[in-house]
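Only one structure is covered here, and it is reproduced in the block below.
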Amino acid sequence: KLPPSGVFKQMLADVKRVEEQVFKNAGKETIDTPMGKIDTIRVERAGDSKNMKMWLSPAHDYLPVRVMFIDKKDNVFDQLIVEIVKAKAS
C-alpha cells in the first residue's frame with residue numbers, strides 16, 4: 001500500500017544496478033487502456049518528475065499498468081498494460 005501523500009522509497013533495477021529510489025505520490029488518475037479504464041495512483045521519481053512516472057492499480061495489487069521513462073536525450077519510453085494473465089495455482 002502506498003502512502004496517501006508524500007514520498008516513499010522503492011528498490012528499482014536498471015541495466016547496470018539495483019538501487020533505492022525515492023518516489024512521490026502524485027495523486028489519483030484514471031487511465032484508458034486496452035483493458036478499459038483503470039483507476040490508478042500516479043507516482044513520480046522525487047525531484048525528477050520528468051524522468052520517470054508509474055501508474056499503479058490498487059485493484060490489481062498495485063501492479064504498474066503504465067510506466068513512462070524519458071532518457072537524457074528526451075527519448076520517451078511509454079509502456080501500457082494490454083492484459084493481465086493470472087497463473088493457475090498448482
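Numbers here simply count residues along the sequence, with the first being 1.
In the hydrophobic clustering of this structure, V22 does not group with V18; members are Ile, Leu, Val, Met, Phe, Trp, Tyr whose side-chain heavy atoms approach within less than 4.5 Å, directly or through other members. Follow the hydrophobic side-chain contacts under 4.5 Å out from V76 and you reach W55 in the same cluster.
Considering all non-hydrogen atoms of both residues, M52 and F23 come closest at SD-CZ, 4.1 Å. Here the closest heavy-atom approach between residue I41 and residue P58 is recorded as CD1-CG, 3.9 Å. Summarising the geometry of L80 relative to D32, their closest heavy-atom pair is CD2-O, 3.9 Å, with the distance given to 0.1 Å.
In this structure the side chain of L63 reaches within 4.5 angstrom of the side chain of I84, judged on heavy atoms. V82 is not listed as a side-chain neighbour of M35, based on a closest heavy-atom distance of 4.5 Å or more. Considering only heavy atoms from C-beta on, F69 stays 4.5 Å or farther from K53 through its side chain. T33 has its side chain out of reach of R66: every pair of non-hydrogen atoms, C-beta onward, lies at least 4.5 Å apart. Annotation: side chain of I31 is in contact with side chain of E29 (closest heavy-atom distance under 4.5 Å). When side chains are defined from C-beta on, D71 counts as touching F77, because their heavy atoms get closer than 4.5 Å. Looking only at side-chain heavy atoms (C-beta outward), L56 and V65 stay at 4.5 Å or farther from each other. The closest side-chain heavy-atom distance from R42 to M54 is not below 4.5 Å.
I38 CD1 to I81 CD1: the interatomic distance, rounded to the nearest 0.5 Å, is 6.0 Å. Remark: T40 OG1 to K28 NZ distance equals 10.5 Å, nearest 0.5 Å.
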